[in-house]
Structures are given as structure tokens and as C-alpha cells.
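Okay, so here's the structure we're looking at.
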2 protein chains.
Amino acid sequence: MEQLKTLRKGSLVAGGAGFIGSNLIRKLLNEGRQVVVVDNFSRGSSNNIPLDIRNSKYLELIEADLSKESAVMDVFEKTKRHSIDEVWHLAANSDIPAGVQDSSVDLKDTFMTTYSLLRGMKAFNVTNFHFASSSAIYGDLGDEVLHENIGPLLPISNYGAMKLASEALISAAAESFLSRVNIFRFPNVVGVPATHGVIFDFVNKLILNPAELNVLGDGTQQKSYLHVVDLIDAMLTIRSRDRIGKIDFVNIGPVDDGVKVSWIADQVVLRVSKKAKINYGDGNKGWIGDVPKFCYSTKKIQSYGWSPRLGSEAAIIRAVDEIAKQFGV
Amino acid sequence: MEQLKTLRKGSLVAGGAGFIGSNLIRKLLNEGRQVVVVDNFSRGSSNNIPLDIRNSKYLELIEADLSKESAVMDVFEKTKRHSIDEVWHLAANSDIPAGVQDSSVDLKDTFMTTYSLLRGMKAFNVTNFHFASSSAIYGDLGDEVLHENIGPLLPISNYGAMKLASEALISAAAESFLSRVNIFRFPNVVGVPATHGVIFDFVNKLILNPAELNVLGDGTQQKSYLHVVDLIDAMLTIRSRDRIGKIDFVNIGPVDDGVKVSWIADQVVLRVSKKAKINYGDGNKGWIGDVPKFCYSTKKIQSYGWSPRLGSEAAIIRAVDEIAKQFGV
């Protein structure tokens, strides 16, 4: 019995009750891991975690503010029996415009969570780190192809800045005490349980007013989208790879160049409220800090033998249906 | 009289009592600027500022901990009459090994100072920002040439990480409210008033024990060095350039590939204690977080028509003499 206990290793998933986390933890449980979800429930909700998983004896749910070092230390102390050997850091402020207005939001929820988790991992000798970074670290480089080896990195939102700041800190920690690090640079990810994002907003607006859909910007913003099931698959593929270096930075995304916001608006209207009139705003940015168009290179992850099952269009169509259902329509 | 007052613009120099800052402020005063030096005097000292400048009616010295947002707000409020239109951010923890041991040092003195200064600048509508970044943001990339357009950036010390984190935050602020930003990526800088660094350490050791000089590492670390007079000149050159973009990132450094630590040890022994025996340690890193060798590209700043008066060797020889004199030998 004692032996079985020590064989089961633990994963700490920071922000595990959020959109991505709640999709990840099922996979980790299936691997036979003990999963410790830590979330401040500011956006994440335990309701995001499907009931069958929530009741698993191998899942522990802890409410804590991971931006505070003392809270992180408490979590590691309380979960010592679970032999945690890896941390997935998915906690962040996901409301980009809010962070542009007030940098303290991203400081606390996106950067200080990284800082404090690393302090805790060093103290408790946990040395595998998986980090949800973002294509937002590249900034608005126009037509330049965004691959992992370009610079300078010019984030235009505090969200992107604090993700890049986190990468920097993790890089130094890799030199100092971490044994293996994966930096996943996420594209726009769609799916359920949705808590934010363009589809979520459109569906929400159309439920409030089925006759009209007001879109921020002129609808020409073009981005690529990945479905969350493909994202999880990509992260686990990268995590399981043999490699020499401690640290790997990988863009995760579809192979295509993405779709325009206007196309997404059309899909949502088609699914939710066919007769709605779509009204566009001015300019090709939805808000300060929004990157209007980017060419996201995924050659590196393709060279790992991975490719997404769904391209941007298929991901959007599936997610629109899922999110509409989530709203009960 | 009132009119003259409003014509004189002010510069806030964060960390202005430190090594670089105390060299910079004379130039800013010579430009006819009001200079506000803000320092926590943790390493900087008002004694670093030459007496003739210290007594200038256009210099105001304020002791404050700029990592605290409230302190920054107080400083801007108190100095409103000086029409501050630019901030030079030179405040940082300069003890790299201390920051590797304890990341809270670099968090506070290197990153939170940037964060808080930006909060203050936004609140008080100060929109020109000059930032002392570092070659340490690149990390240990072996033989790869470090120019401004490479990635991924892999800092191996918390010092380098917090400098990169600061760059990221400044980039987002440039999108949001700054009008002009210069990111200076410093090389190793030598000169006086020295407060730390390899020459300072060697001279200090030889004064304590004139018979022996113990060197961290095997002496093969090779780095390029710039004299502080050239550094100041480079920064002012970049600041005065016409350009289109808001933000510029520039490596500042000599044109050569640098010198080995063993060569520096020889120069210090020659100047301070000719008969001293030099003992080397193991490995080509002096400490965790030390980058053993790097090829620092300065093609960009050369394309601006700037070149240093002193190469690495000449800079070291001059600085060894200056620092020996500073120690009274």
C-alpha cells in the first residue's frame, strides 16, 4: 500500500480550474497521476471541472492566491504526501484589455504567480515546469513570420509583457535548479468551458440582443485558432519528447494562417441568431494591446511529428457549437 | 524669471548615485537640464557624485525606494516644478550572484523599480524613457553572435531575467502611453566610481592580501568591456537620433571580442601588487549565472555612426588605474 502510494506521482496544475486546465487534468488523471488543482477562482470555477473528475479521489482542489509566496509554500507543504514532481502553470489574467488599463492585474495574476511558484519549487525541490506562454510575447511585428528564434520581442500588452517576463524568470531558474522546462507559446485557443474570448463574447452578445452583433474593430483582424483538444495533445507530446537541453520553447498552433474576425462573426450568427445584423467598428485592432494579424510559425512543433486534427476554421466551427451549447442554445 | 524656469526641462535619474548614473548626470546638467537623482543608496552613495555637481542648484537628490509605487508617486508629486520630461532608469541590483541565490533581490531592485516607474510616468504623463538593459538578457548562447534580432532570449541569472522582464513591460508601455523609448543593452562597463565588478574585486583582494590573488573560475572567461565615458556618449548619441519608431533596442559595446579574465588579473597585479601570485579556480564560470564567453554584436550602433574611443583592452587598463586610485593606491 505504502509502495503504491509512492509510485503515483503528483502534478500541480496552477489555474487548473480555468479553460485549459480543466481540459488538461483529465489527461493527467488518465496517466495515473495525482492531480492537485490550485486556483483562485477569479475566473476559474470548480464547475469547469466535469463532475466525474471532480469526485476522483486522485484530484485535490485547493483555493489559493498563487501570486503570494506564502500561499505557494503552504500549498507545497500541505500536498507533500502527493510526491509532486511537476508543475503546470496555467494561471494568468486572461482579460487582456483589463491588464492594459491597469498593469497591476497582469503583474499579480500572470507574473507574480510565476515568481512565487518558482520560489516554492526551489524550496520543495520540484524541478519539472510546464508553462503556458503566449504568442502575445512577440508583439505586433506586421508580416514578419513569428518563429521561436526571432527578436527583439515587443509585447504590446501587459499580458504579453508579463508572459515574456515569466519566460525570462523561468529561463534563469532552469540554469539554477530546474531539470526540465517546457515553454508553450499558445495561439488563440477555443473550446469549452469557455470563460472569455471572441466566440464567447459574440454568443453572449447575441443572447442579450438576437437582432444585432456589434464587433470591436472592422473585422479584418486575422488570427489562427487552435481547439483546446489539440492544444492539450501538443503539450503532452512536447512533454514526453526525448531531448538534450533542459528548456524548450515551442509555438503551438495550427498550420494555416487563420481566419478573420468577420468570418467568426458569420459563424456565430449562423449558429445562434441567423437574422442578426453584424455592425463593425473602426480600425483593425479590437483594443489597445490587440495584435491585428500575425503569421505564427509552427514549423518547430511540426518537426516533432505533431499536427493538429483541426485547422482554424474547423476549430472555430466546433467551438461555436460547443459554446452555444454551454449557453444552452 | 518664470519663463526661464519653464524652459529648463527636468530629467529624473533612477539609481543616479550609482556608478553609471553619477557619470551621466554631469552630462545632463551640461545640457542645461534640471536633474533629479533618486536612489535608495543601497549601493549608490551621494559620495559618488563629485562635489561640484552635488552642490549645483540644478541637482536635487532624493532618497527613495523606487520599487514601491507609492514612493515613485511621491517623487513625481514633489518634483512637479521641475517639468520632468524624461526618466533614465539605471536602478538595479548589481550583485548578480546575490540575485541568483535569492530571486527577491532582483525582483525588487531591478524589476519592481521598472514597474513602479512606469506607473508613475503614466500617472504624471512623462513619456520619454531610457532604460539600462543588459547583455545578460541573451543568456549563454555559446558562439552565437548576439545581435538585437535573435531569440529565444535565455537569461541564466535572475538579474538578466529581471532586465528582460523590464524590457517586456516597457515595450507594452510604449504601445500604451510612452512616446519615445531607448533600451540600452549594456556590456560590462568599467570605470569609476566603481562599486562592484571584476576589477574592483581584484584590487580589493590585492589590498587585503598583496601576495595572492584568488580568481573565481579558471580565468578563460572572455568578455568585452566598455569604459563608462564611452557608454554615456553612446546613450546620448542614441537619445538624440532622429527616427521613426517609438522604441529602439541597441547593444552598446566595443567593437572587439573582449579580453580574458586572466588578462585582467595580470593588469591588476601589474598595477597594484607586482609580486602577487594568481591562483585560478575550476571551470569557466565564476558563479551560477555568469556567462563565460559571448560575442556581442555592436553593428547596429556602429551603423548609427558611433564607435567607442577605447577598446576592451584600453578600457580595462584605464579603469584599473582609476580604480586603484579610488582605493588610494
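It should be emphasised that the depicted structure is a prediction, and the values quoted were computed from it without experimental measurement. Residue numbers start from 1 in every chain, and the chains themselves are labelled A, B, ... in the order their sequence lines are given, proteins ahead of strands. When reading the values below, keep in mind they use all heavy atoms of this one structure, side chains included, and skip hydrogens, waters and symmetry mates.
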Is D106(B) in contact with chain A via its backbone, its side chain, both, or neither, using a 4.5 Å heavy-atom distance? neither

Quick one: what part of K163(B) sits under 4.5 Å from any heavy atom of chain A, side chain, backbone, both or neither? neither

Heavy-atom count around K299(A) NZ within 6.0 Å, excluding the residue itself: above 12? no

Apply salt bridge (Lys or Arg N to Asp or Glu O under 4.0 Å) to E175(A) and K246(A), showing your working. CA-CA 9 Å; E175(A) 176 74 9; K246(A) 270 186 183 181; 5.9 Å; no

Which one, G151(B), A165(B), G160(B), leads in non-hydrogen pairs under 4.5 Å with chain A? G151(B)

Think R241(A) forms a cation-pi with Y304(A), using NZ or CZ under 6.0 Å from the six-ring centre and within 45 degrees of its axis? yes

Find the one option among [options] whose heavy-atom pairs under 4.5 Å with chain B are most numerous.
options: L164(A), L118(A), I150(A); result: I150(A)
options: A174(A), P155(A), S166(A), A173(A); result: P155(A)
options: I247(A), L153(A), I137(A), D102(A); result: D102(A)

Would a line drawn from the ring center of F184(A) to the ring center of F249(A) be shorter than 6.0 Å? no

F111(A) versus chain B, the contacting section by heavy-atom distance below 4.5 Å: side chain

So for L107(A), is it side chain, backbone, both, or neither that comes closer than 4.5 Å to the heavy atoms of chain B? side chain

Any donor and acceptor pair, going by atom type alone, linking the side chain of T298(B) with main-chain N or O of I252(B) inside 3.5 Å? no

